[in-house]
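We're numbering straight along the sequence, starting at 1. As the structure is a prediction and not an experimental result, all values here were calculated from the model. Scope of the values below: all heavy atoms of this structure, side chains included, with no hydrogens, waters or symmetry mates.
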Amino acid sequence: VNSIASNIGISRTPVAEAIMSLCEKGFVVSKPDTNGFFVIDLSLSDMIDLYNMRAALECEAAALCTERSDPKTVNELEQLAEQFADCVRNRDYDGMIATDMPFHSLIVSSCGNSYIQKCYEMLLPNLTMYQASMIRFISANVDNPWSSSVTYNHNSVVEAIKMHIPELARQAMANHVSASLNYTMFTGGGSDPFVNLRNQKDKK
């Protein structure tokens, strides 16, 4: 806290409050018998837990969108899906980041259920963190057998919404969340890919 406050020229209070806020959101932790705070380590087990909750929310949101989304929203979803697919094919990392989470967030914001939206808002910082890492795996590994699934899952969700079939939209989103997890797990080659990534950084 003292070091950060000194470096940016402000008092300790706002720095301490910011760090506590990060602790509450799960991004920063304090460790027993250790001074200071530490950024959390991403892990496959935590991602699985997070994505199970994500599936529960986003699958229902997609189903609701088949009845509650307007043509303008559907058109925007369609554009984001196509842009994301193009970015994956071209290994455009920045483009994937710019189109992936906005696609999912638009589905949730358009579903018309305020409780789903509130729960999703709580998860969004953690989802964004893991999505960015998963996208790095996509850009780094062109031979992953889940590539085509991840590339076109967005389109499948949009088509189900356009056809106004709730169960199809729910299943398409479930397939997408599952494909994202499978892609990440394959990247690890039988071990936690996030641990592998940290080890590579430590070696550098």
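Taking the six-membered ring for Trp and thresholds of 30 and 60 degrees, His104 and His154 have ring planes more than 60 degrees apart, a perpendicular arrangement.
Between Ser156 and His176 the shortest side-chain heavy-atom distance does not fall below 4.5 Å. Looking only at side-chain heavy atoms (C-beta outward), Thr99 and Gln79 stay at 4.5 Å or farther from each other. Phe194 is listed as a side-chain neighbour of Thr184, based on a closest heavy-atom distance under 4.5 Å.
When all heavy atoms of Ile116 and Leu64 are compared, the closest pair comes out as CD1-CD1, 3.9 Å. Of all non-hydrogen atoms in Val177 and Ala55, the two that sit nearest each other are CG1-CB, 4.1 Å. Across Ala169 and Ile161, no two heavy atoms sit closer than the pair CB-CG1, 4.4 Å. Across every non-hydrogen atom of Asn153 and Ala179, the tightest pair is OD1-CB, 3.4 Å. Considering all non-hydrogen atoms of both residues, Phe37 and Val28 come closest at CB-CG1, 3.4 Å. The shortest heavy-atom contact between Cys59 and Ala174 is SG-N, 3.4 Å.
Two different hydrophobic clusters hold Phe186 and Val195 under the rule that ILVMFWY side chains link at heavy-atom gaps under 4.5 Å. Connection of Leu127 to Met122 is not established within any shared hydrophobic cluster, with ILVMFWY side chains joined at heavy-atom distances below 4.5 Å, either directly or through further cluster members. Hydrophobic cluster membership differs between Leu168 and Val74, with clusters built from Ile, Leu, Val, Met, Phe, Trp and Tyr side chains linked at under 4.5 angstrom.
Here the CE atom belonging to Met129 is positioned 5.0 Å from the CG atom belonging to Leu42, to the nearest 0.5 angstrom. Atoms OG and CZ, on Ser110 and Arg68 in that order, are 11.5 Å from each other to the nearest 0.5 Å. In this structure, Ser178 OG and Tyr51 OH are separated by 11.5 Å, a value rounded to the nearest 0.5 Å. Between Arg54 atom CZ and Leu124 atom CG the span is 10.5 Å, to the nearest 0.5 Å. Taken from CE in Met47 to CE in Met185, the straight-line distance is 8.5 Å, to the nearest 0.5 Å. Note that CZ of Arg89 is 11.5 Å distant from CE of Met96, once rounded to the nearest 0.5 Å.
Side-chain atoms of Thr66 never come within 3.5 Å of backbone atoms of Ala62 as a donor-acceptor pair (strictly under, hydrogens ignored). With hydrogens and angles ignored, the 3.5 Å screen pairs a side-chain donor or acceptor of Gln117 with a backbone N or O of Val108. With Tyr130 contributing its side chain and Leu44 its backbone, the two residues share no donor-acceptor pair below 3.5 Å. Using modelled atom types, one side-chain atom of Asn90 and one backbone atom of Asp86 make a donor-acceptor pair closer than 3.5 Å.
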Run Val88 and Tyr152 through side chain to side chain contact (heavy atoms under 4.5 Å, CB included) and show every step you take.
CA-CA 10 Å; Val88 174; Tyr152 297 108; over 6 Å; no
Please test Ser149 against Asn175 for side chain to side chain contact (heavy atoms under 4.5 Å, CB included), starting from the C-alpha separation and ending with a verdict.
CA-CA 9 Å; Ser149 181; Asn175 291 342; over 6 Å; no
Apply side chain to side chain contact (heavy atoms under 4.5 Å, CB included) to Glu60 and Met173, showing your working.
CA-CA 9 Å; Glu60 192 59 32; Met173 183 61 78; over 6 Å; no
Evaluate the criterion side chain to side chain contact (heavy atoms under 4.5 Å, CB included) for residue pair Ser109 and Tyr120; output intermediate values, then yes/no.
CA-CA 9 Å; Ser109 65; Tyr120 192 76; over 6 Å; no
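Between Lys118 and Glu121 there is no salt bridge, since none of the side-chain N atoms of the basic residue sits less than 4.0 Å from a carboxylate O of the acidic one.
No more than 12 heavy atoms of other residues, nucleotides or ligands lie within 6.0 Å of OH in Tyr115, so this atom counts as exposed by the packing criterion.
The closest side-chain donor-acceptor pair between Asn196 and Ser191 falls under 3.5 angstrom.
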Name each donor-acceptor pair under 3.5 Å that joins a side chain in residues 4-21 to protein atoms two or more places apart or in another chain, with its distance.
unit_1 : atom_1 : unit_2 : atom_2 : d
Asn7   : ND2    : Ser3   : O      : 3.2
Arg12  : NE     : Asn2   : OD1    : 2.4

